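Everything on this sheet refers to the single structure shown next.
Ligands are counted one by one from 1 in listed order, and the atoms in each one are counted from 1 as well. Excluded from the calculations below are hydrogen atoms, water molecules and symmetry mates; all remaining heavy atoms, backbone and side chain alike, are included. One is the number of the first residue; the rest follow in order along the sequence. The shown structure was predicted, so the numbers you read here are calculated from the model rather than taken from an experiment.
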Amino acid sequence: MHIRQTVYQFIYDVIELIWPSNHCLLCRGLIPATDLLLGVGLCQHCRHDLAAYNCCPNCATFIHCNATPEQLALHHRFCHSSQVQGIDAFIALAPYAGQMRQNLLQLKYHGQRRLAKPLGREIARAWQYTGWLADVIIPVPLHAEKMKQRGYNQCDLLAKACGEILNLPVLPNALQRVRATDVQNKLNAEERKSNVEAAFACEESIEQLAGKNVILLDDIITTGSTMSACAIALQSARPAAIYGLAVAGKLLKTNSFEEFAD
Ligand SMILES: [Zn+2]
Ligand SMILES: [Zn+2]
């Protein structure tokens with residue numbers, strides 16, 4: 001990591017320690033100090049609102065409990081035609097919309113690393129809620145060139161915060177992005193798939209994954225093509241199961257899925 005980035009990270013950590021973020025990640029309302037000590041990032045009201053959505057374990061789409069029959073039929077059609085290879089099940093914290101979308105854009109493109117901690121802790125809670133078992137967390141890697149530009153991988157930061165809550169080891173180097181890929185948001189599902197195909201490689205000596213349940217962690221799940229490419233690269237390590245965990249998944253709207261950057 002560039003020395004300037006290391007210094008920035010240190011400053012962020014010190015500020016966070018002295019003056020932790022005390023606003024809800026979604027409504028910006030204040031979070032009680034007692035909850036802050038537990039690392040909570042959402043207020044009770046927003047947590048209650050999120051509970052009205054179901055995250056489909058097959059395609060990571062968020063479906064509101066008041067979805068119309070037309071919306072459900074749309075999801076059904078999409079879900080059955082979008083089997084994601086290599087991933088046993090998906091779970092995400094929130095739909096990619098409104099303030100959660102802003103949070104992720106800030107974290108990814110505007111250097112707002114302080115958001116990684118509350119977001120990482122909240123995705124850990126979303127994971128705990130599933131009751132699924134895991135042994136290790138692997139963040140989706142950035143290409144070395146992008147890592148140099150950005151100075152950090154937001155997925156590494158999220159994985160670290162998530163691992164602290166779940167008490168799981170994080171392996172940030174288990175996967176490498178061996179081929180630079182285009183930004184996914186202008187591509188359709190087929191193009192996304194071929195864009196990330198063979199873009200990832202698994203560390204040769206990673207024997208400790210054999211028979212283990214792996215959490216693959218990304219910031220956003222769209223078509224699942226990035227997760228799938230990572231899962232295929234991990235197959236040589238023979239894990240027992242691979243789960244996809246993310247901050248956000250696509251939102252099922254009235255007549256189409258919300259499009260966004262992968
Ligand atoms: Zn709130
Ligand atoms: Zn689905």
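- In terms of distance to the Zn ion (ligand 2), the nearest N, O or S atom of His75 is named NE2.
- Residues Glu164 and Arg121 have side chains in contact (heavy-atom distance under 4.5 Å, counting atoms from C-beta outward).
- Distance check for His76 against the Zn ion (ligand 2): none of its N/O/S atoms falls below 2.8 Å.
- For NE2 of His45, the number of neighbouring non-hydrogen atoms (other residues, nucleotides, ligands) closer than 6.0 Å is 12 at most.
- Expressed to the nearest 10°, the angle at the Zn ion (ligand 1) joining SG in Cys43 with SG in Cys27 is 110°.
- Defined by atom type and a distance below 3.5 Å, a donor-acceptor pair is missing between the side-chain atoms of Gln99 and Arg101.
- Just one of Glu122, Arg125, His48 meets the side chain to side chain contact (heavy atoms under 4.5 Å, CB included) condition when paired with Leu42; it is Glu122.
- Not a single N, O or S atom of His45, from either the backbone or the side chain, sits less than 2.8 Å from the Zn ion (ligand 1).
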